[in-house]
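For the numbers below, each heavy atom of this structure counts, side chains included, while hydrogens, waters and symmetry mates do not. For clarity, every value in this text was computed on a predicted model and none was experimentally measured.
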Amino acid sequence: MKKIFIAVLSLVFVSCQNRQEKNVAKDQISIDSLAETKFNLEIDAKAVKLVKIENGKLSATITNYGARLVTLFVPDAQGMAKDIILGYDSIKEFKSNSANFYGAIVGRYGNRIGSARFNLGDETYELEKNDGENSLHGGQNGFYNKMWDIKNQTDTSVTLTYTSADLEAGYPGNLDVEVTYTLTSTNGLEIKYSGQTDKETVVNLTNHAYFNLNGAGDSTILDHELQITANQFTEVNSNLIPTGNQIDVAGTAFDFRNSKHIGLDISRDEEQLEIGKGYDHNFVLDKETEFAKIAKLYAPRTGIIMEVWTTEPGLQFYSGNFMSDQDAAGKGGNRYGYRSALCLETQHFPDSPNQPNFPSTVLKPGDTYNSKTTYYFSTKK
């Protein structure tokens, strides 16, 4: 069995890694706030695992609970490593706050399905309601709340698998899914998804990392600059369910075709912003190739740049509008307050099973679901 790296790497170990010393400060390469004992638990009769991968510049930890990212360290413009994703210091905290979805793989259907039901063939499938009358991120029994198996691991990658039983959370078909996290030689965090079913079903998987490029625990993302390659976004009703209409971004607060500060237009008097309490919308991506760059995020204070490349047709931009410093404290006791992080979730469109004009999310027996998203990191001073 391949060795699983867990807990804190010692400074002695780090000092031996000459390649890492050139790129990341020695006292920052470790998983500072994590301890093996805090992830020593069984959930659903399976042992929780904590896996570390690294490539000399980037390092990440992943747990098999929800196949979720726990930490993601990237160097800032000064060469100091920053953990740029939100989360907790223990598996008990992740479990008791699972509905925050921090770093998790969400499915069987990421994002919302209106009225928690859809028709497929001659059947109507009733789903778990966990967002008012709607189903969100797979319901209460979504993939984020499940124990995955670690299939294999190398120094730079880890593959996890999960089998979702027929009618789990209301979805048809036994679905075998696989997710691989890889830290690439080109300074990227690549996430590959695949799945196969024995019965016609719907699938829409994504990772629900909350980013702050100033570091997890920083107070705001409104100073970040964002660019999204999209001429339209999908209009939503008062329950954040798509109406089926696609609105041109030109002349609206949703125009991110040129990079701008997130805080610039977030308070404009626009109905869609009022409904979402800010940005919580799917952007219709304009791509010339299947795998393409579709967004760029930049934090002037740290100089960190994150480019988003994907095979998916949509991107959910969520500006942390429902976050509160009254929520449970995160890593290192930090409070994650209002708009202190954002999500850039690559995806098929919300409610696609009920919207015939949206790209299809149907997966049939004999076919394979495939998706890839990579977050590339660089800096500028």
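Members clustered with Y298: I305, by chain and number, using a 4.5 Å side-chain heavy-atom cutoff among hydrophobic residues. Through direct or indirect side-chain contacts shorter than 4.5 Å among Ile, Leu, Val, Met, Phe, Trp and Tyr, L240 is connected to V236, I275. Other members of the hydrophobic cluster containing V106, listed by chain and number, are F101, L136, Y144; membership follows side-chain contacts under 4.5 Å among ILVMFWY residues, whether direct or relayed.
In this structure, the side-chain contact (heavy atoms from CB on, under 4.5 Å) partners of I247, at least two apart in sequence or on a different chain, are F233, E235, Q272. In this structure R301 satisfies the side chain to side chain donor-acceptor pair (under 3.5 Å) test together with D218, D223, sequence neighbours excluded. Evaluation of the side-chain contact (heavy atoms from CB on, under 4.5 Å) rule for S340 yields M323, Y336 as partners, not counting sequence neighbours. T163 meets the side-chain contact (heavy atoms from CB on, under 4.5 Å) test with D176; sequence neighbours excluded. Not counting sequence neighbours, the partners of Q196 by the side-chain contact (heavy atoms from CB on, under 4.5 Å) test are T368. Not counting sequence neighbours, N187 has no partner by the side chain to side chain donor-acceptor pair (under 3.5 Å) test.
For E178 and K151, the salt-bridge test passes: some basic side-chain N is under 4.0 Å from an acidic carboxylate O. Salt bridge absent: K95 and E93 never bring a charged side-chain N and a carboxylate O closer than 4.0 Å. Note on D44 versus K46: no salt bridge recorded, every NZ/NE/NH1/NH2 to OD/OE distance being 4.0 Å or above.
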Test log, rule ring-ring contact (aromatic ring centres under 6.0 Å, His included), inputs H261 and H224: CA-CA 6 Å; H261 283 98; H224 287 39; 9.4 Å; no

Full working for side chain to side chain donor-acceptor pair (under 3.5 Å) between T159 and Q153: CA-CA 6 Å; T159 298; Q153 181 198 351; over 6 Å; no

ring-ring contact (aromatic ring centres under 6.0 Å, His included) evaluation trace for F317 with F256: CA-CA 11 Å; F317 169 37; F256 285 92; 5.7 Å; yes

Evaluation steps, ring-ring contact (aromatic ring centres under 6.0 Å, His included), between H348 and F358: CA-CA 8 Å; H348 271 59; F358 286 0; over 10 Å; no

Side chain to side chain donor-acceptor pair (under 3.5 Å) between D166 and N174, worked out: CA-CA 4 Å; D166 183 32; N174 295 295; 5.4 Å; no

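Side-chain atoms of F39 and V70, non-hydrogen and from C-beta on, do get closer than 4.5 Å to each other. The shortest side-chain heavy-atom distance between I262 and L297 falls under the 4.5 Å cut-off.
In this pair, H281 and F254 present their aromatic rings perpendicular. The plane angle is above 60°, beyond the 30 to 60° band.
Under the 4.5 Å side-chain heavy-atom criterion for ILVMFWY residues, a single connected hydrophobic cluster contains both Y375 and I105. A continuous path of ILVMFWY side-chain contacts below 4.5 Å connects I43 to F94, so both sit in one hydrophobic cluster. Both L213 and L189 are part of a single hydrophobic cluster, where members link through side-chain heavy atoms under 4.5 Å apart.
Across all their heavy atoms, Y279 and K260 have their closest contact at OH-NZ, 4.3 Å. L160 and T63 get closest at one heavy-atom pair: CD2-O, 4.2 Å. Nearest approach of Q355 to P242, heavy atoms of both residues: NE2-O, 3.0 Å.
Residues in residues 316-330 take part in these side-chain hydrogen bond (donor to acceptor under 3.5 Å, both in side chains) pairs, two or more places apart or across chains: N111-Q316, D280-Q316, Q316-Q347, S319-N321, N321-R339. Listed by first and then second residue, the ring-ring contact (aromatic ring centres under 6.0 Å, His included) pairs involving residues 158-179 are F143-Y162, W148-Y162 (not counting sequence neighbours).
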Distance-only check: which donor-acceptor pairs under 3.5 Å involve side-chain atoms of residues 113-124, not counting sequence neighbours?
from: R117; atom 1: NE; to: E126; atom 2: OE2; distance (Å): 3.1
from: N119; atom 1: OD1; to: T124; atom 2: OG1; distance (Å): 2.5

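To the nearest 0.5 angstrom, K92 atom NZ is 9.5 Å from N40 atom CG. Note that CD of E271 and OG of S238 are 9.5 Å apart. Values are rounded to the nearest 0.5 Å.
Of the candidates Y210, Y65, F211, Y102 forms a ring pair (Phe, Tyr, Trp, His ring centres under 6.0 Å) with just one, namely Y210.
Side-chain atoms of K129 do not come within 3.5 Å of backbone N or O of G132 as any donor-acceptor pair.
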